[in-house]
There are 2 protein chains.
Amino acid sequence: MTSTPRRRGADRTEAIMRTTVELGQEIGYPKLSIEAIAARAGVGKHTIYRRWSSKGALLLDSLLSLDEPELDFSYTDDVLADLREQAHAAVELLARPPVGPLVQALIAEAQHDPQVAAELKERFINPMAGKLVKRLRTAQEQGHLSPDFDLDLAMSICSGPLYFQFLIIQEPITREYVNDFFGALFTGMSPRPAARGKAVRQDR
Amino acid sequence: MTSTPRRRGADRTEAIMRTTVELGQEIGYPKLSIEAIAARAGVGKHTIYRRWSSKGALLLDSLLSLDEPELDFSYTDDVLADLREQAHAAVELLARPPVGPLVQALIAEAQHDPQVAAELKERFINPMAGKLVKRLRTAQEQGHLSPDFDLDLAMSICSGPLYFQFLIIQEPITREYVNDFFGALFTGMSPRPAARGKAVRQDR
DNA sequence: ATGTCAACGGCACGTGCCGTACCGATAGGG
DNA sequence: CCCTATCGGTACGGCACGTGCCGTTGACAT
């Protein structure tokens with residue numbers, strides 16, 4: 001009889017997360033208020049507070065509910081190309097709404113909410129980092145990567161500059177940047193004995 | 001006659017920034033309210049709003065007013081050692097209050113306040129990055145760095161992973177990490193023709 | 001010494017959102 | 001077909017925001 005017929009719990013959970021993403025795109029995720037989400041979703045505030053302990057927790061679930069295309073590495077015998085390909089895909093995903101702004105807001109939240117920080121790491125950062133480490137391990141086993149390399153260190157070297165550009169510089173990350181970046185990583189910063197090719201600008 | 005005799009404008013500016021740092025250390029910079037700062041500093045809210053357009057602007061000025069030791073690069077003929085030394089100093093500075101939490105809070109603010117982001121870059125990030133680029137340029141001129149290397153790219157490669165550890169991983173950055181990190185950067189991730197030494201773990 | 005004026009501390013206001021509590025309605029499981 | 005957990009809605013006290021006003025104060029020029 002009511003215009004919005006009562007739905008089961010799972011339906012509401014989904015509706016709230018969908019509304020969170022929508023409303024966040026309209027007014028910006030940092031400005032989102034629980035009140036506004038509840039009003040827009042046609043839901044009592046209690047129904048939100050019962051499910052999520054903080055705005056950050058809601059944002060994280062909303063992000064993960066987006067089921068964007070899984071980013072998985074290729075496993076060709078060209079690690080460098082595989083890393084570049086993956087990075088291009090990740091950059092593209094982060095470049096536009098809703099994923100980019102959501103991740104940005106979540107990382108900001110994580111700076112002052114340890115619980116959000118822990119969950120973000122566990123459910124978003126670590127899975128991506130894990131895939132990267134796995135890819136690097138394979139490369140190492142196949143002799144395509146320096147053998148005495150701590151893989152976690154390698155992971156943060158591969159990831160760090162991209163996060164730096166995303167969070168600090170906050171300017172669009174070009175394909176050229178990604179290409180040059182990985183080229184430089186593999187070649188190293190030391191000058192080579194002159195025989196070798198250019199250190200960067202070696203697009204594939 | 002009043003217990004707090006009137007002071008000149010500059011005095012108040014300084015008092016407010018000092019109170020900001022103090023109170024922030026006690027209750028955390030994200031929880032800081034203008035009201036609380038004004039009350040603690042014995043100052044009207046207007047006096048704060050007249051000087052700073054946002055909490056982020058106040059935090060940034062407060063940070064820069066700390067006149068911590070200037071971090072300047074050494075210019076020996078060992079770039080790698082100079083970079084490590086500088087990184088160690090920076091990590092140490094960021095590891096403990098008030099600088100670390102302040103920078104963290106500012107970067108969080110910068111994620112949803114473009115004005116803070118711009119000022120933070122201009123007055124904090126860029127100066128440090130500039131020194132790094134300058135040091136790298138010298139190294140390049142002296143042949144200690146691969147000659148065809150975009151210096152801005154090199155800068156973000158050197159900085160990124162440290163910010164990544166600081167903001168995302170949020171675990172203390174050890175001296176060993178910094179040492180391994182720069183060792184890896186200069187050696188490159190490609191396997192070497194077996195002749196060369198280990199890629200990492202080469203403490204000086 | 002006196003006058004001027006901008007800046008000041010203090011206070012109050014309206015607004016927005018927080019997180020909680022209570023209500024009557026309702027739907028699903030026993 | 002009833003029972004009970006969950007629901008939407010509403011109201012609440014509390015806090016901080018940013019602004020406006022008021023009477024005071026102190027630096028500076030006269």
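Every chain is numbered from 1, with letters handed out A, B, ... down the list of sequences.
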Under 3.5 Å side-chain donor-acceptor pair for [X] and [Y]:
| X | Y | result |
| --- | --- | --- |
| B:S156 | A:Y177 | yes |
| A:R51 | A:T13 | yes |
| A:S146 | A:D148 | yes |
| A:H88 | A:N179 | yes |

In whole Å, what is the span from the [atom1] atom of [X] to the [atom2] atom of [N]?
| X | N | atom1 | atom2 | result |
| --- | --- | --- | --- | --- |
| B:I48 | C:dG10 | CD1 | C1' | 14 Å |
| B:Y49 | C:dA7 | OH | C1' | 18 Å |
| A:R12 | C:dT26 | CZ | P | 12 Å |
| B:L58 | D:dC17 | CG | P | 11 Å |
| A:K55 | C:dG19 | NZ | C1' | 15 Å |
| A:D11 | C:dT26 | CG | P | 18 Å |

#### Entry: Closest heavy-atom pair and its distance - B:K55, B:L32
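Result for this residue pair: NZ-O, 3.4 Å.
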### Query
For the residue pair B:T19 and B:I37, what are the closest heavy atoms and their distance?
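Taking every non-hydrogen atom into account, CG2-O, 3.8 Å.
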#### Entry: Of the listed nucleotides C:dA7, C:dT20, D:dG8, the one nearest the side chain of B:R50
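Shortest atom-to-atom distance from the side chain points to C:dA7.
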Could I get a table of every N or O pair under 3.5 Å where one atom is in the protein and the other is in nucleotides 21-23 of chain C?
none

### Task
Assess whether side-chain hydrogen bond (donor to acceptor under 3.5 Å, both in side chains) is satisfied between A:S74 and A:D82, documenting all intermediate values.
CA-CA 6 Å; A:S74 298; A:D82 291 353; 4.6 Å; no
### Query
So, is B:R51 close to the C:dC8 phosphate, meaning a side-chain N or O under 4.0 Å from OP1 or OP2?
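For C:dC8, OP1/OP2 do have a side-chain N/O of B:R51 under 4.0 Å.
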### Query
Within a strict 4.5 Å, meaning less than it, do heavy atoms of the B:M17 and B:W52 side chains meet?
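Heavy-atom side-chain distance check passes, below 4.5 Å.
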### Query
Between residues 18-39 of chain B and DNA chain D, which residues have a heavy-atom gap below 4.0 Å?
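Going residue by residue through residues 18-39 of chain B, the ones with a heavy atom under 4.0 Å of DNA chain D turn out to be B:S33, B:I34, B:E35.
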### Message
Looking at B:E26 and B:R40, is there a salt bridge between them, counting it only when a charged N and a carboxylate O are closer than 4.0 Å?
### Response
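Salt bridge present between B:R40 and B:E26.
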